[in-house]
There are 2 protein chains.
Amino acid sequence: MCYRESMLDNNSDVGRYSETDQRLRQLGYRLTPQRMMLLSAIEEGEGHVSAEEIYARVQSRYPGMNISTVYRTLDLLTELGLVTRTDMGGGVVRYHPSNKGQHHHLVCQECGGVAELDDSILTPLRESLEEKYQFQADVRHFAIFGRCARCRR
Amino acid sequence: MCYRESMLDNNSDVGRYSETDQRLRQLGYRLTPQRMMLLSAIEEGEGHVSAEEIYARVQSRYPGMNISTVYRTLDLLTELGLVTRTDMGGGVVRYHPSNKGQHHHLVCQECGGVAELDDSILTPLRESLEEKYQFQADVRHFAIFGRCARCRR
DNA sequence: ATATATGCAAACGCTTTGCATTTCG
DNA sequence: CGAAATGCAAAGCGTTTGCATATAT
């Protein structure tokens, strides 16, 4: 029904439009309450979040949020390049705002821990892939699996 | 019921035990018809196959094969190290025999094409991960996403 | 003989979809 | 007002599980 009221009544952020919000409108998309909530949830969350986590986070404050809207919105934002989707392997997919800078992941297959990886370490690999295979590696979608320092002991 | 007859009657390979078959028995596991079929399907298939593909392939010859057996057997073989499981991203998981040598993958996000990648190109990266992060990269599970030479033109 | 593996059917978790309803612009 | 977005419920997909039955050793 009237999800606007139930969701926004006590939202002190109404009226504050983030950079990404503005961008959405520029591109001709509607700025719905759901989209604003999802964007702020993604921006607040440090690091990377899954669709289900985003859903839970938004729903805790705005119980009207719907899981299909989460997926549809994430798809849209990803297509527009406002959000980056990272396939972490094992069926785990995480999202983070594109404007928060690039970094990559070391995923430990033993403890499941995820460490961030500085981009510079990949430069040599990118260059040799370019040279030898004419392959343009998409550095935004990088996850390396293995065993972390702790689990090796 | 009696899946042995229906599945093995016209299997000219009965009695020929592959290297991996033998290995299974050594380790104390039973050498069932299903396991033999699955192993030969995986070994025949050039390159990498998904669980569903293995299932389809085996079933075309031995209609009794069951999808849960495929998954259970692939889990077992992976744990034993006889088969390698590669997460290709996008929920796609492929398997190939461990004894067929190591190589990696360049997955084109545009055309979906998969190219094989020589292991040597990863040596510098592995070394720097080891040095800087004490992280032991699992090179058997490597897929790099990006755009292939053809799609860039 | 008996522990182990299989078949079957049901459930799983995540994701997608169709369609009626609502809402942003 | 009208196109676009949402809610809802159902289905999709690949995978896993519980339990009775069959079988390799």
Side-chain angles (χ1 to χ4, degrees), chain A residues 1-8 14-15 17 21-22 24-39 49-56 58-59 62-80 85-95, chain B residues 1-9 14-15 17 21-22 24-39 48-56 58-59 62-80 85-95:
Chain A
M1 357 239 99
C2 184
Y3 56 74
R4 172 169 212 174
E5 279 172 359
S6 62
M7 288 175 150
L8 287 182
V14 169
Y17 296 110
D21 287 346
Q22 299 290 20
L24 255 191
R25 306 188 66 167
Q26 280 172 23
L27 293 166
Y29 295 90
R30 293 187 184 170
L31 193 44
T32 66
Q34 289 86 342
R35 284 177 180 169
M36 298 194 320
M37 292 171 220
L38 189 142
L39 277 170
V49 278
S50 69
E52 299 278 348
E53 282 163 6
I54 293 168
Y55 176 53
V58 172
Q59 244 211 354
Y62 314 101
M65 191 59 159
N66 187 281
I67 187 68
S68 13
T69 302
V70 172
Y71 281 108
R72 281 190 281 231
T73 306
L74 287 173
D75 281 351
L76 173 65
L77 297 175
T78 303
E79 275 172 31
L80 298 180
R85 169 189 279 142
T86 306
D87 190 318
M88 310 285 284
V92 179
V93 177
R94 298 191 173 282
Y95 299 85
Chain B
M1 351 247 99
C2 184
Y3 55 73
R4 171 169 211 173
E5 281 174 356
S6 61
M7 288 174 148
L8 287 183
D9 268 358
V14 168
Y17 296 111
D21 287 344
Q22 300 290 19
L24 256 190
R25 305 188 67 166
Q26 281 173 22
L27 292 165
Y29 295 91
R30 295 186 182 169
L31 193 43
T32 66
Q34 288 86 340
R35 285 177 179 168
M36 299 194 319
M37 292 172 221
L38 190 143
L39 278 169
H48 307 66
V49 278
S50 69
E52 298 279 350
E53 283 163 6
I54 293 168
Y55 175 53
V58 172
Q59 244 210 357
Y62 313 101
M65 191 59 157
N66 188 281
I67 187 68
S68 15
T69 302
V70 172
Y71 281 108
R72 280 190 282 231
T73 306
L74 287 173
D75 282 351
L76 173 65
L77 296 176
T78 303
E79 274 170 30
L80 297 181
R85 168 190 279 143
T86 306
D87 190 320
M88 309 286 284
V92 178
V93 177
R94 298 190 173 283
Y95 299 85

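Throughout, protein chains are lettered first and strands after them, A, B, ... in sequence-line order, and every chain is numbered starting at 1. Every value quoted in this text rests on a predicted model; they were computed, and no experiment measured them.
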Consider the side chain of [X], meaning its heavy atoms from C-beta on, and name the nucleotide among [options] that approaches it most closely.
X: A:A51; options: D:dA5, C:dG25, C:dT15; result: C:dT15
X: A:L31; options: C:dG25, C:dT15, D:dG7; result: C:dG25
X: A:V93; options: D:dT25, C:dT15, D:dT6; result: C:dT15
X: A:Y29; options: D:dG7, C:dG25, D:dA5; result: D:dA5
X: A:N66; options: D:dT15, D:dC8, D:dT6; result: D:dC8

Expressed as a whole number of angstroms, how long is the span from [X]:[atom1] to [N]:[atom2]?
X: A:D21; N: C:dC24; atom1: CG; atom2: P; value: 14 Å
X: A:I67; N: C:dT16; atom1: CD1; atom2: P; value: 10 Å
X: A:E52; N: C:dG13; atom1: CD; atom2: C1'; value: 8 Å

**Prompt:** How large an angle, rounded to 10°, do the end axes of the helix from C:dA1-D:dT25 to C:dG25-D:dC1 enclose when each is built from five base pairs?
**Reply:**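 The value is 30°.
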
**Fill in**
The answer to which of B:R30 and B:D75 contacts DNA chain D further toward the 5' end, by nearest nucleotide, is B:D75

Find the distance between [atom1] ([X]) and [atom2] ([Y]) and round it off to the nearest 0.5 Å.
X: A:Q59; Y: A:I67; atom1: CD; atom2: CD1; answer: 8.5 Å
X: B:L38; Y: B:T69; atom1: CG; atom2: OG1; answer: 9.0 Å
X: B:L80; Y: B:L27; atom1: CG; atom2: CG; answer: 5.5 Å

Does OP1 or OP2 of [N] have a side-chain N or O of [X] closer than 4.0 Å?
X: A:T73; N: D:dA5; value: no
X: B:S68; N: D:dT17; value: no
X: B:Q34; N: C:dG7; value: yes

**Donor/acceptor link under 3.5 angstrom from B:R72 side chain onto base of C:dT6** =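 No.
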
**Ion pair A:D21/A:R35, N-O distance below 4.0 Å** =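 Between A:R35 and A:D21 there is no salt bridge, as every charged N stays at least 4.0 Å from the carboxylate O atoms.
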
